Amino acid sequence: TQAPRDVEAIKYDVIAAMKTVYDPEIPVDIYELGLIYELEVDEKGVADIVMTLTTPMCPAAEILPPEVEAKTRDVEGVTDVRLELVWEPPWDMEMMSPAAKLQLNL
């Protein structure tokens, strides 16, 4: 049997997976946009994700959370995903990483 994967390694891979998810209206991945408010992985491999979207009216509201969940489930070592979509605090451009701001010329 394989030793269970290190929690930090799983978390690192989950972040890498999230960096492949893009908001359809902004050419930057959701992680760099700052849409992931919280990401925890416990020793059983359960990933707890708290995320938001750029706006409640976001056309991606239907697709982004299931995509994040599916890609997280695909990460080796993840046994379950608990995803919570929140609107508080509301997202704004200040939450973006310096790399995302650079990419968007802000």
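Nothing here was measured: the structure is a model prediction, and the numbers come from that model.
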Side chain to side chain contact (heavy atoms under 4.5 Å, CB included), that's the test. Do Glu84 and Tyr37 meet it? Break it down for me. CA-CA 10 Å; Glu84 186 183 355; Tyr37 286 171; over 6 Å; no

Determine, step by step, whether Lys71 and Thr20 satisfy the side chain to side chain contact (heavy atoms under 4.5 Å, CB included) criterion, reporting the C-alpha distance in whole Å, the side-chain angles of both residues, the deciding distance to 0.1 Å, and the verdict. CA-CA 9 Å; Lys71 287 192 171 177; Thr20 67; 3.0 Å; yes

Report the C-alpha separation of Asp48 and Leu39 in whole Å, then their side-chain angles, then the decisive distance to 0.1 Å, and conclude whether the side chain to side chain contact (heavy atoms under 4.5 Å, CB included) test is met. CA-CA 6 Å; Asp48 276 299; Leu39 167 59; over 6 Å; no

Applying side chain to side chain contact (heavy atoms under 4.5 Å, CB included) to Thr55 and Met57, what does each step give before you reach the verdict? CA-CA 5 Å; Thr55 157; Met57 299 293 112; 3.8 Å; yes

Walk me through it: do Glu32 and Lys101 pass the test salt bridge (Lys or Arg N to Asp or Glu O under 4.0 Å)? CA-CA 9 Å; Glu32 296 294 341; Lys101 290 178 183 171; over 6 Å; no

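In this structure, Thr79 and Lys44 approach most closely via the heavy-atom pair OG1-O, 2.8 Å.
Using a 4.5 Å cut-off on side-chain heavy atoms (C-beta onward), Val78 and Val41 make no contact. You'll find the side chain of Met18 reaches within 4.5 Å of the side chain of Ile36, heavy atoms only.
Side chain of Tyr31 to backbone of Ala17: no donor-acceptor contact under 3.5 angstrom is found. At distances below 3.5 Å, not a single donor-acceptor pair connects side-chain atoms of Thr52 with backbone N or O atoms of Leu35.
By the salt bridge (Lys or Arg N to Asp or Glu O under 4.0 Å) test, Asp42 is found to be paired with no residue, residues two or more places apart in sequence or in another chain being considered. Taking the salt bridge (Lys or Arg N to Asp or Glu O under 4.0 Å) definition, one finds that Arg73 meets it with Glu69, Asp80, sequence neighbours left out. Partners of Asp29 under the salt bridge (Lys or Arg N to Asp or Glu O under 4.0 Å) rule, at least two apart in sequence or in another chain, do not exist in this structure.
Atom-to-atom distance recorded for Lys11:NZ and Thr72:OG1 is 12.5 Å, nearest 0.5 angstrom. With rounding to the nearest 0.5 angstrom, the CG atom of Leu64 is 9.5 Å from the CG atom of Leu85. Taking OH of Tyr22 as the start and CD1 of Ile63 as the end, the distance is 14.0 Å to the nearest 0.5 Å. One distance of note links CE of Met51 with CG of Leu33; it measures 10.0 Å at 0.5 Å rounding. Note that CD of Glu94 and CG of Leu106 are 9.5 Å apart. Values are rounded to the nearest 0.5 Å. Expressed to the nearest 0.5 Å, how far CE of Met96 lies from CG of Leu102 amounts to 10.0 Å.
Residue Val46 is not grouped with residue Val68 when hydrophobic side chains (ILVMFWY) are merged at heavy-atom distances under 4.5 angstrom, including chains of intermediate members. Note on Ile10 and Tyr12: separate hydrophobic clusters, where clusters join Ile, Leu, Val, Met, Phe, Trp and Tyr whose side-chain heavy atoms are under 4.5 Å apart, directly or indirectly.
Considering Leu53, Val21, Thr54 in turn, Val21 is the only one that fulfils the side chain to side chain contact (heavy atoms under 4.5 Å, CB included) rule with Ile30.
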